[in-house]
Amino acid sequence: TPECNDKTIFSEKQFGKIKVNTNYQEEGKGFCGNEISKEFSQVGKGGEFVRWILDETSGNMLIYGRGRMQEYEESETYEWKKEEYYNTIKKVIIDEDVTSITDYGFRGSLIQEIKIPTTVEEIGNNILKECHELIKIEVTQGNEKYSSDEYGVLYKLSESKEPKEIIQYPIGNEQINYIMPTTIEIINSESFEYSQYLETITLAKGITEIHEYAFKHCYSLKSFEMSEEGTIAGNYKVIDKVLFDKDTKVLIQYPISNENVIYTIPPTVITISGYSFYGSEELEHIEMSDSITTIEEYSLYNISKLRTIT
């Protein structure tokens, strides 16, 4: 790390009991001087001008600096993913002036909370996928691209600064009911996958896209509901607590903790989506018509009590 010079921007941040020197030289183009107190046992680089530090005692991780985090492919290993301390991370704090969060950044970790600042303009794919302990995602008010709510859900905003896309539901959150903001139009792929406690999901009225496997492996889910009177939610509908496209041609998701023993698929259905019945706990009989032409992968897999399909 170079020595500081007369163009240095000096600053210091308190992180728990430890002070972090975040000096930048030449108008924020790089770090200089002694960046981090020696008390930290885990430190590393998260981008050209981004650093991270981990306090293993508390499990708190700070990502700080300026600009973008380093981009990785899914198969690559981040410095903080080393086996000896990856699962000690409990809370991630991303500091102001960091502008992106890299793809797959904390996938499969045991983090419980993450705090995203106003300066983040880009959030990569699957950054919090399979984080089974995650209970809260917090976006600092004033971020122009993203927001969160009382459920701890991460949203992408529309041009009018309203929640438009559901990026990630915190799957370790113990809430049993979730009501989508009325402005939601898009539900991202696998955004609710492995939600442990959700029993009821109430859909927004104007949903135009539900990406594949959005509700896969929601093992407590008993019903989909509507936010307003009627059965249509944009391009989708709910019939008897089951989610379909608006024309009832595609069965998208059966709530797998529903207590029904027998379920009759509507005769208009021609496609059963992948994983739609996977893991259903009580079903013993499924009745379907001759109109069905496509049964996608794993849609009828792992139904332990299933006896007959007619």
Side-chain angles (χ1 to χ4, degrees), residues 74 87 103-112 114 124-137 151-155 165-180 184 186-204 207 209-225 233 236 238-245 250-261 263 265 269 271-284 286 294-306 309:
E74 183 175 8
N87 286 331
D103 290 353
Y104 312 102
F106 303 97
R107 178 178 180 175
S109 72
L110 297 180
I111 71 168
Q112 298 172 0
I114 184 169
N125 296 319
N126 297 314
I127 66 163
L128 298 166
K129 183 179 178 181
E130 298 171 4
C131 293
H132 294 277
E133 304 296 321
L134 184 65
I135 59 174
K136 183 180 181 182
I137 304 165
Y151 297 100
V153 182
L154 177 62
Y155 303 103
E165 297 182 31
I166 297 176
I167 297 176
Q168 183 67 54
Y169 183 89
I171 61 177
N173 190 303
E174 295 185 5
Q175 293 273 355
I176 62 173
N177 301 312
Y178 169 64
I179 302 173
M180 294 180 187
I184 290 296
I186 300 169
I187 302 174
N188 283 355
S189 175
E190 301 172 335
S191 51
F192 289 83
E193 183 184 18
Y194 290 113
S195 294
Q196 301 171 59
Y197 301 98
L198 269 181
E199 296 182 7
T200 302
I201 296 175
T202 301
L203 302 173
I207 297 174
E209 299 176 40
I210 298 177
H211 294 178
E212 65 177 359
Y213 309 144
F215 305 105
K216 184 173 74 172
H217 301 326
C218 293
Y219 289 118
S220 295
L221 189 62
K222 295 181 178 179
S223 68
F224 291 96
E225 306 290 347
Y236 303 90
V238 173
I239 301 175
D240 295 330
K241 304 181 180 180
V242 181
L243 179 62
F244 299 87
D245 73 321
V250 181
L251 191 156
I252 296 170
Q253 184 67 55
Y254 182 88
I256 59 179
S257 192
N258 190 291
E259 296 177 356
N260 287 336
V261 174
Y263 180 67
I265 297 174
V269 169
T271 299
I272 301 175
S273 296
Y275 289 92
S276 53
F277 287 90
Y278 186 105
S280 295
E281 298 175 356
E282 301 299 329
L283 274 179
E284 297 180 13
I286 298 176
T294 303
I295 299 177
E296 295 182 353
E297 62 177 359
Y298 298 110
S299 57
L300 300 172
Y301 189 76
N302 196 29
I303 306 175
S304 60
K305 295 184 179 180
L306 187 62
I309 300 175

Residues Lys216, Glu193: salt bridge by 4.0 Å N-O rule: yes

Check against side chain to side chain contact (heavy atoms under 4.5 Å, CB included), Phe224 and Val242: CA-CA 6 Å; Phe224 291 96; Val242 181; 5.9 Å; no

Any donor-acceptor N/O pair, Ser223 side chain to Thr200 backbone, under 3.5 Å: no

Check: Phe244 and Val238 side chains under 4.5 Å, non-hydrogen atoms: no

Closest non-hydrogen atom pair, Thr271 against Glu296: CG2-OE2, 3.9 Å

Ile179 atom CD1, over 12 foreign heavy atoms within 6.0 Å: no

Under 3.5 Å: donor-acceptor pair, side chain of Asn173, backbone of Tyr151: yes

Check: Tyr263 main-chain N/O paired with Tyr254 side-chain donor or acceptor under 3.5 Å: no

Heavy-atom donor-acceptor pair, Glu133 side chain to Leu110 backbone, under 3.5 Å: no

Contact summary for Lys241 and Asn258, nearest pair of heavy atoms: CD-ND2, 4.0 Å

Asn177, CG: over 12 other non-hydrogen atoms inside 6.0 angstrom: yes

Ser220 side chain to Glu199 backbone, donor-acceptor under 3.5 Å: no

Heavy-atom closest contact (Ser257 atom, Lys222 atom, distance): O-CG, 3.7 Å

Matching residue for Tyr213 among Tyr275, Tyr298, Tyr278 - test: ring-ring contact (aromatic ring centres under 6.0 Å, His included): Tyr275

Tyr169 and its ring-ring contact (aromatic ring centres under 6.0 Å, His included) partner, picked from Tyr197, Tyr194, Phe192: Phe192

Note, Ile167 side chain near Ile127 side chain (heavy atom, < 4.5 Å): no

